[in-house]
Number of protein chains: 2
Amino acid sequence: MRTANIILMGLGNVGRAFVRLIQDKKEVCKQSYGLDLRLSAAFKKDGGFFSNKSLDLADVLELKGNNFSRHPDWKPGLRLEDVLGRFKSGLLVECTPTDIKTGEPGLGHITAALKRKWPVAAASKGALVVNFKGLKALAQQNGVALKFSGATAAALPTLDVGLYSLAGAEITAIEGILTGTTNYILTRMEEGFSFEDALKEARSRGIAEPDPALDIEGWDTACKILLISNAVVGTEFSLSDISLEGISGVSPTNVQKSRKEGKALKLLGRLINEGGRARAEVRLNPIGPSHPLFNVSGANKAITFFTDTMGSITVSGGKSDPRATAAALLKDIINIYRN
Amino acid sequence: MRTANIILMGLGNVGRAFVRLIQDKKEVCKQSYGLDLRLSAAFKKDGGFFSNKSLDLADVLELKGNNFSRHPDWKPGLRLEDVLGRFKSGLLVECTPTDIKTGEPGLGHITAALKRKWPVAAASKGALVVNFKGLKALAQQNGVALKFSGATAAALPTLDVGLYSLAGAEITAIEGILTGTTNYILTRMEEGFSFEDALKEARSRGIAEPDPALDIEGWDTACKILLISNAVVGTEFSLSDISLEGISGVSPTNVQKSRKEGKALKLLGRLINEGGRARAEVRLNPIGPSHPLFNVSGANKAITFFTDTMGSITVSGGKSDPRATAAALLKDIINIYRN
């Protein structure tokens, strides 16, 4: 039996879903994978849960809102760096909010963890988007895993399939519908909705974020194609390398014109990797019925890998809610300890 | 740099494609995976290529038909068991014809390899279908990998996704369109072909085997759902446990009736894993547009995993030709040495 001493950064929707999930899956992980999941500490912006023994998961879960201060192990103002030396071993789970400009606070957390030779499973994109090359090199120098399935389309397996299922094949292109919100809006516009009404509905159904700008303007898709391409194909893209288009300028006329031609207008994250040169873009594309992503509608996501020896392989589906993102983190943790 | 000393069983279409592929991918495997692929020996029914040094791949490839006897390393009548003790280490690649009644000759080859602590990558189904439980136990006792991506839908990643990408999730059901021939025939029948004409066309286009009975009667799908279910969910099915239906009794009227109702008639391999009981079947099912396999047409294959935490995840596409099956073998080999 191996033990994962988990240090959790972030107690928002995903962090809390993760706490609940590892509680639900504790016995399965022991039986099926010989892995004992323990929550050693959990931090949020204004403090942390920390004690000399394993935290009681149920206790943490029961705490609503800002009532953390009632918990005996809650230390107001405590930060990861204050107690780094107190852990004999650790696995960092990074779920803090994504900031694609600074990468913080995740960048600091992940850097500190890798330097201590802790493996990392990340659901937040910021740190990896801002400094992919540096973090990858740091993980390699320290001989530990840095995984981020939860940051690249939640439960939809993008990195695994590219790295593991296609090992040995040359990936000549990648195309993905990687943001549920934009795909949902485009689908509703095909059905006659205006952009504003489709966005309003996506918000009311909890599909769009309260501030959907990152999705609408294509940044979310750009971050994901960057991470997938850098991880799977070995490119070294920064966000500024990715040619970007959003959907805010799309009119129902554009969408329906494509439909009349038998095509669907989709926001695709795309890597083209041919002739020794790779480029990436986020672009609105009208795609026909023979394209593997043609039928991916609503808030669904999918990715197609085009290869030299295996043909094209498409993965689609997978939930995007906090529990599914937590499940992607758990998958990464199981696979870290399996190897 | 690690070395894979490959002992190849079978020099039919897949075996030859594998020899060519590892020649083409030799440098990529060294550079990207630190793995040196060497062909130590290759056997067919009536003899083997064997020498004290690595075989020259190009030489073996150039040999057409039965002209193997011209090759200096060809030993007529030589069998694997004659030279087992001569290899310091080995990796068995099993590509002999599938016999789902006896499992031979693959069963003997795989058993001998595992007993010598050689990892195995198999493209032939017979041995695993006949004695899955025994071979799995033997691999575990000897602490070596037994992989068979090439036997479970060629380049379509079924096992990887189930075992690796869904780690930690409970798989409540699996549904797959796992045989290209039957899906091709059903698609053509939707377009108005008779069963006989559709089969004739599938044959002339090289989609159907010369003897397509195993496909048409559902056995090929049954073998694949058995292997996927046993490997991913841990069931212990034999072929006799799987309720079976083929497509030879289907009339164009059946197919078109489904189409008129907005449904597609598909031959599905299915595992239902609920309430602590698992059962598997191969069944013709009319499925509607909301089913993730509805749009999988022609000779395409796909599989959907239904899970507790991640939603449903579908993988589709992937070539089925000998080179793609060889690519699945190579993927397994890379992943064996990666771990």
Side-chain angles (χ1 to χ4, degrees), chain A residues 17 21-22 24-25 28-29 32-33 35 37 149 154-161 163-170 234 289 292 294-297 300 302 304-321 323-335 338-339, chain B residues 17 21-22 24-25 28-29 32-33 35 37 149 154-161 163-170 234 289 292 294-297 300 302 304-321 323-335 338-339:
Chain A
L21 183 70
I22 60 174
D24 295 346
K25 294 284 186 180
V28 168
C29 283
S32 301
Y33 303 101
L35 182 62
L37 302 169
S149 293
L156 178 74
T158 57
L159 301 178
D160 294 337
V161 170
L163 286 168
Y164 197 87
S165 301
L166 306 181
E170 185 188 340
F294 178 75
N295 290 299
V296 179
S297 60
N300 287 313
T304 303
F305 295 91
F306 298 86
T307 76
D308 60 342
T309 51
M310 294 186 169
S312 72
I313 286 168
T314 301
V315 200
S316 57
K319 285 190 182 173
S320 301
D321 59 22
R323 189 166 172 89
T325 305
L329 286 166
L330 177 59
K331 166 186 71 170
D332 280 351
I333 294 169
I334 290 169
N335 289 330
R338 167 151 44 195
N339 291 341
Chain B
L21 183 70
I22 60 175
D24 295 346
K25 294 283 187 180
V28 167
C29 283
S32 300
Y33 304 102
L35 182 62
L37 302 169
S149 292
L156 179 74
T158 55
L159 301 178
D160 295 336
V161 170
L163 286 167
Y164 197 87
S165 301
L166 305 181
E170 185 187 340
F294 179 75
N295 291 298
V296 179
S297 61
N300 287 312
T304 303
F305 295 91
F306 299 86
T307 76
D308 60 342
T309 49
M310 293 186 170
S312 72
I313 286 168
T314 300
V315 200
S316 57
K319 285 190 181 172
S320 302
D321 59 23
R323 189 166 172 88
T325 306
L329 285 166
L330 177 59
K331 167 189 67 174
D332 280 352
I333 294 169
I334 290 169
N335 289 330
R338 168 154 40 198
N339 292 342

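Letters A, B, ... are given to chains in the order of the sequence lines, protein chains preceding strands, and every chain is numbered from 1.
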Is there side-chain contact between [X] and [Y], with heavy atoms separated by less than 4.5 Å?
| X | Y | answer |
| --- | --- | --- |
| B/Arg338 | A/Tyr164 | yes |
| A/Ile313 | B/Pro157 | yes |
| B/Cys29 | B/Ile334 | yes |
| B/Val315 | B/Thr158 | no |

Below 4.5 Å, heavy-atom pairs only: which of [options] has the largest tally toward chain A?
| options | answer |
| --- | --- |
| B/Ser149, B/Ala328, B/Ala327 | B/Ala327 |
| B/Thr304, B/Leu330, B/Asn295, B/Asp308 | B/Asn295 |
| B/Ser297, B/Ala324, B/Ala167 | B/Ala167 |
| B/Ser316, B/Ala302, B/Gly311 | B/Ser316 |

Exercise for the section: Give the minimum heavy-atom separation between B/Phe306 and B/Ser312, together with the two atoms involved. Expected result: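 Closest approach of B/Phe306 to B/Ser312: CD2-CB, 3.7 Å.
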
Handout entry: Minimum heavy-atom distance A/Leu156-A/Gly317, with the two atoms named
Key =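 That would be CD1-O, 3.3 Å.
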
Exercise for the section: Quick one: which of A/Leu35, A/Thr309, A/Thr307 has the most heavy-atom pairs under 4.5 Å with chain B, could you say? Expected result: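 Among A/Leu35, A/Thr309, A/Thr307, the one with the most close pairs to chain B is A/Thr309.
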
Practice task
Go through the atoms of B/Leu329 and report whether side chain, backbone, both or neither lie under 4.5 Å from a heavy atom of chain A.
Solution key: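 For B/Leu329, there is no contact with chain A at all, as no heavy atom is under 4.5 Å.
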
Exercise for the section: With a 4.5 angstrom heavy-atom cut-off, could you sort out which part of B/Ile333 is near chain A: side chain, backbone, both or neither? Expected result: neither

Practice task
Against chain B, label A/Ser32 side chain, backbone, both or neither, depending on which of its atoms sit under 4.5 Å from a heavy atom there.
Solution key: neither

Problem - Contact origin within A/Leu166 toward chain B - heavy atom pairs under 4.5 Å - result: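 When you check distances to chain B, only backbone atoms of A/Leu166 fall under 4.5 Å.
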
Handout entry: From B/Leu163 atom CG to A/Asp160 atom CG, the distance as rounded to the nearest 0.5 Å
Key =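 One gets 11.5 Å once the value is rounded to the nearest 0.5 Å.
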
